[in-house]
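What follows is a single structure, written as structure tokens, with notes after it.
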Amino acid sequence: MALMAPVKDGKIVETESQKSLKKELTATKNGMDKEAFLQLLVAQMQYQDPLEPTSNTEFISQYAQFSQVEQMQNMAATSELSRATSLVGDYVYVKTTGSDGEPTYKYGKVDYVAFENGKAYVAIEESLYSIDDVDTVVDLEYKNAYDKAYNFNVELNKLPKVSAIDMSHAEKIDELEKIYNEMNDYEKSFVASDTVKTLNKYIERLKEVRAAAEGEDKEPGETPDTGEEEDKEPGTEGTEGTEDAGEA
């Protein structure tokens, strides 16, 4: 099928209809949509060569193609909306681009879904993000367990070498021991076995440091205070055996 257009001074003149069609096609990012396809079909009919008109069979075939494009777009939109709706209530990471062009991630709960101009958007803290930008869906229990194990590991790594600790590190080591002991089995599974071994080394070393500190607090030759008092009557100290000696 031949297309016809006005020619002036040996150059094709672009009509308003052609400009509109060209603009529509340029604005389409993901290929030809149904509106652009329909406009192209109308343009073909308008500018067809009268001496070589398009046959009815070809028009029917093109209309069938238009119907298929429309159905595929409707199916894609329905699938996208369904996928976005299934995320409501879930916690996700959305990948965005910062002002410096570097990728950043927004984490939060999907509160609701909006559908605008054939595109689905997830709402996180009242901000809309395209469903295409959703990078990861995270279970909340998993996220909390991961964060707890990660923070635990960071704090443990802040301590000096095991051999270099002193009483100034006692509070932090006791705190880390308490945090680990209060973790459930699922949370403990996120802590590496080597990390647990390191924690136990700190705990054992702290016991030695405390024992040494308690020994330094005592004066040389000082006997431990048992807290027991002898039951002696007043004035009897040093008189034991005196009566027997007088009788002898």
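Counting begins at 1 with the first residue of the sequence.
Clustering ILVMFWY residues whenever any of their side-chain heavy atoms sit less than 4.5 angstrom apart, transitively, puts Ile124 in a cluster other than the one holding Tyr91. The hydrophobic cluster containing Tyr107 also contains Phe190, counting ILVMFWY residues as joined when their side-chain heavy atoms lie under 4.5 angstrom apart, directly or transitively. In the hydrophobic clustering of ILVMFWY residues, with side-chain heavy atoms under 4.5 Å counting as a link, Val134 and Tyr93 come out apart. Val137 and Leu140 sit in two unconnected hydrophobic clusters of ILVMFWY residues. Membership requires side-chain heavy atoms under 4.5 Å apart, directly or through other members. Both Val196 and Met183 belong to a single network of hydrophobic side chains, linked directly or stepwise wherever heavy atoms of I, L, V, M, F, W or Y lie under 4.5 Å apart.
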Open item on the list: Set out, in order, the CA-CA distance, both residues' side-chain angles and the distance that settles side-chain contact (heavy atoms from CB on, under 4.5 Å) for Leu206 and His169, then state yes or no.
Closed with: CA-CA 8 Å; Leu206 181 59; His169 305 105; over 6 Å; no
Task: From CA spacing to verdict: side-chain contact (heavy atoms from CB on, under 4.5 Å), Leu176, Leu199 - done: CA-CA 8 Å; Leu176 291 173; Leu199 173 64; 4.1 Å; yes
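Every residue two or more places apart in sequence or in another chain that forms a side chain to side chain donor-acceptor pair (under 3.5 Å) with Lys143 is listed here: Asp147. For Thr136, there are no side chain to side chain donor-acceptor pair (under 3.5 Å) partners, not counting sequence neighbours. For Ala192, the side-chain contact (heavy atoms from CB on, under 4.5 Å) partners at least two apart in sequence or on another chain are Thr195. A search for ring-ring contact (aromatic ring centres under 6.0 Å, His included) contacts involving Tyr150 returns nothing, not counting sequence neighbours. A search for ring-ring contact (aromatic ring centres under 6.0 Å, His included) contacts involving Tyr105 returns nothing, not counting sequence neighbours. Taking Tyr112 as the reference, nothing meets the ring-ring contact (aromatic ring centres under 6.0 Å, His included) condition, with sequence neighbours excluded. Every residue two or more places apart in sequence or in another chain that forms a side chain to side chain donor-acceptor pair (under 3.5 Å) with Glu208 is listed here: Arg205. Residues satisfying the ring-ring contact (aromatic ring centres under 6.0 Å, His included) criterion with Tyr202, sequence neighbours excluded, are absent altogether.
Sorted by first and then second residue, the pairs that involve residues 104-114 and meet salt bridge (charged side-chain N to carboxylate O under 4.0 Å, His left out), not counting sequence neighbours, are Lys106-Glu125. For residues 128-138, the set of pairs meeting the salt bridge (charged side-chain N to carboxylate O under 4.0 Å, His left out) definition, not counting sequence neighbours, comprises Arg83-Asp132, Lys119-Asp132. The salt bridge (charged side-chain N to carboxylate O under 4.0 Å, His left out) contacts involving residues 184-202 comprise Lys148-Glu187, where partners must be two or more places apart or lie in separate chains.
Distance check: Ser86 OG to Ile131 CD1 gives 7.0 Å after rounding to the nearest 0.5 Å.
A 6.0 Å sphere centred on OH of Tyr186 holds more than 12 heavy atoms belonging to other residues, nucleotides or ligands.
Counting heavy atoms from C-beta outward, Asp174 and Ile203 have side chains that stay 4.5 Å or more apart. Here the side chains of Asp90 and Val88 are not in contact, with every heavy-atom distance at 4.5 Å or above.
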What pairs of donor and acceptor atoms, side-chain ones from residues 155-165 against any protein atom, are under 3.5 angstrom apart with sequence neighbours left out?
from, atom 1, to, atom 2, distance (Å)
Glu155, OE1, Lys172, NZ, 3.2
Glu155, OE2, Lys158, NZ, 3.1
Asn157, ND2, Asn153, O, 3.2

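Using the six-membered ring where Trp is involved, Phe152 and Tyr180 have ring planes that are tilted, between 30° and 60° apart.
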